[in-house]
Amino acid sequence: MTANESAAAVLFDIDGTLVDSNYLHIDAWQRAFGEVGIDVETWRIHRSIGMDGSTLVKSLSDNAPEDTQKQLKDLHSRYYREVASLLRPLPGARALLRRVADLGLQVVLATSAPDDELELLRKVLDCDELVAAVTSSADVDTAKPKPDIIEIALERAGVTAERAVFVGDAIWDAEACSRAKLSCIGVLSGGVSASELHDAGAAQVFENTEKLLANIEQTRIAALAAE
């Protein structure tokens, strides 16, 4: 690496990858849809977690009127904040971020969470001193599975896709990485199967960040540190 090159980067999704939040989101969305009188099976909500919020609402509401879609987002945010005290870091999440930083790699939080939710997540992680760059929903019009948020994260880290790797829990993460030509490591902590993550493009899949940390020497993360 030359003096004017940025260190290689590890991009992390947060919801379901670093913080145990997916099922709180599912509950908040279920309550929101119920309040506006739209019947959505819970499994369909689960299958959509990690997708861009606007796309999720449009899809699950069968493209309801815009005011209804806005109401759904507002209700979800309210119900999610009500249970924010239940948010917890997933096993190994903090230790993995520290290990990545100790390897001389950039830690990038490449999320499309709204700013208010991101603030809650960062407080739960309590690792801001390790973070080199962050994205949020404010940075893009449409997030995963489109690659825009990943491309912005790479730009902020000052690296190309060849000098980075992504860690995420959703098929939408893996699909977005495939579109951005970025290597992806999957984790099962979001509730998606290993086969689905592999099919969506994940090169490796681990149970959670703790298992990823235990096997880090066999991953693209270690390879980037050695370059």
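Numbering starts at 1 and runs along the sequence shown. Keep in mind that what you see is a predicted model, and the values were worked out from it rather than measured. Hydrogens, waters and symmetry mates play no part in the numbers below; they use all other heavy atoms, side chains included.
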- For Arg94 and Leu125, indicate whether the former's side chain and the latter's backbone hold a donor-acceptor pair under 3.5 Å. yes

**OP:** Salt-bridge test for Glu117 and Lys123: reply yes if a basic N is under 4.0 Å from a carboxylate O, no otherwise.
**Re:** no

For Glu119, is the CD atom crowded, meaning more than 12 foreign heavy atoms sit under 6.0 Å from it?
no

- Which is it for Phe166 and Val10 under the side-chain contact (heavy atoms from CB on, under 4.5 Å) test, yes or no, and what are the steps along the way? CA-CA 6 Å; Phe166 188 97; Val10 183; over 6 Å; no

Output for pair (Ser112 OG, Ile149 CD1), nearest 0.5 Å, gives 6.0 Å

Original post:
Under 3.5 Å, side chain of Asp169 to main-chain N/O of Val187, donor-acceptor pair present?
Top reply: no

(message) Treating Ser189 as the side-chain partner and Gly16 as the backbone partner, does any N or O pair qualify as donor plus acceptor under 3.5 Å?
(response) yes

Step through the shown structure and confirm whether more than 12 heavy atoms of other residues, nucleotides or ligands are within 6.0 Å of CD on Glu82.
-> yes

Over 60° means perpendicular and under 30° means parallel, so tell me whether His25 and Tyr80 are parallel, tilted or perpendicular.
parallel

Within a strict 4.5 Å, meaning less than it, do heavy atoms of the Leu86 and Val83 side chains meet?
yes

Whether the side chain of Asp173 engages the backbone of Ala170 through a donor-acceptor N/O pair (distance < 3.5 Å, no angle test) should be reported. yes

Heavy-atom nearest pair, Ser178 first then Gly201, reads OG-CA, 3.8 Å

- With a 4.5 Å heavy-atom cut-off, do Tyr79 and Asp27 have their side chains touching? no

Whether over 12 other heavy atoms sit under 6.0 Å from Lys73 NZ
yes

Could you tell me whether a side-chain N or O of Thr219 sits under 3.5 Å from a main-chain N or O of Ile216, the two making a donor and an acceptor?
yes

On a heavy-atom basis, the closest approach of Ala164 and Leu154 is CB-CD2, 3.6 Å

_Gln106 vs Val159, test: side-chain contact (heavy atoms from CB on, under 4.5 Å). Steps then yes/no._
CA-CA 10 Å; Gln106 296 186 75; Val159 297; 4.0 Å; yes

Pair Arg156 + Asp139: basic N to acidic O under 4.0 Å | yes

Between the CG atom in Asn215 and the CD atom in Glu207, the distance rounded to the nearest 0.5 Å is 11.0 Å

Residues Ala157 and Ala9: closest non-hydrogen pair is CB-CB, 4.1 Å

Donor-acceptor check, side chain of Gln69 to backbone of Ala64, threshold 3.5 angstrom: yes or no?
yes

- Would Asp128 and Arg122 pass as an ion pair if we require N to O under 4.0 Å? yes

The reported gap from CZ in Arg44 to CG in Asp39 (rounded to nearest 0.5 angstrom) is 10.0 Å

Q. Is the CG atom of Asp62 crowded by more than 12 outside heavy atoms at less than 6.0 Å?
A. no

Worksheet item: Tell me, do Val167 and Leu11 make a side-chain contact under 4.5 Å, heavy atoms counted?
Response: no

- Query: Do Arg78 and Leu75 have side chains that get closer than 4.5 Å, going by heavy atoms?
  - Reply: yes

Worksheet item: Would the number of heavy atoms belonging to other residues, nucleotides or ligands and lying under 6.0 Å from CD of Glu66 be above 12?
Response: no

Let me check something: do Leu90 and Val131 share a hydrophobic cluster, defined by ILVMFWY side-chain heavy atoms less than 4.5 Å apart, either directly or through other members? no

Exercise. Verify, without hydrogens or angle tests, whether Ser61 (side chain) and Val57 (backbone) share a donor-acceptor contact under 3.5 angstrom.
Key: yes

The reported gap from CD1 in Ile150 to SG in Cys177 (rounded to nearest 0.5 angstrom) is 3.5 Å

Closest heavy-atom pair, Asp15 versus Ala113, reported as atoms and distance to 0.1 Å, is OD2-CB, 4.2 Å

Rounded to the nearest 0.5 angstrom, the CZ-CG distance for Phe206 and Leu96 is 10.5 Å

I'd like to know whether Glu227 forms a salt bridge (charged side-chain N to carboxylate O under 4.0 Å, His left out) with Arg220, so could you lay out the CA-CA distance, the side-chain angles of the two residues, the decisive distance to 0.1 Å, and finally the verdict.
CA-CA 11 Å; Glu227 289 178 358; Arg220 177 65 179 151; 3.1 Å; yes

Could you walk me through whether Ile185 and Leu212 pass the side-chain contact (heavy atoms from CB on, under 4.5 Å) check? CA-CA 9 Å; Ile185 298 171; Leu212 169 54; 4.1 Å; yes

### Message
Run the side-chain contact (heavy atoms from CB on, under 4.5 Å) test on Arg98 and Leu130 for me, step by step, so that the C-alpha distance in whole Å, both residues' side-chain angles and the decisive distance to 0.1 Å come before the verdict.
### Response
CA-CA 7 Å; Arg98 291 191 185 95; Leu130 304 174; 3.3 Å; yes

With a 4.5 Å cut-off on side-chain heavy atoms, are Thr135 and Leu109 touching? no

CG (Leu182) and CD (Glu151) are apart, to the nearest 0.5 Å, by 10.0 Å

Tightest non-hydrogen contact, residues Ala93 and Leu18, listed as CB-O, 3.3 Å

- State, yes or no, whether a side-chain contact exists between Ile49 and Ile26 at a heavy-atom distance under 4.5 Å. yes

Between Arg47 and Glu41, is there a side-chain N and carboxylate O pair less than 4.0 Å apart? no

### Task
Scan side-chain atoms only and decide if Gln71 and Thr68 contain a donor-acceptor pair under the 3.5 Å cut-off.
no

In short, Leu213 meets Ala95 closest at the heavy-atom pair CD2-CB, 3.6 Å

**Q.** Any side-chain heavy-atom pair of Leu188 and Ser193 under 4.5 Å
**A.** no

Does a salt bridge link Lys70 with Asp74, judged by any charged N lying under 4.0 Å from a carboxylate O? yes

List the steps, then state whether ring pair (Phe, Tyr, Trp, His ring centres under 6.0 Å) holds for Phe33 with His76. CA-CA 9 Å; Phe33 281 107; His76 164 266; 9.4 Å; no

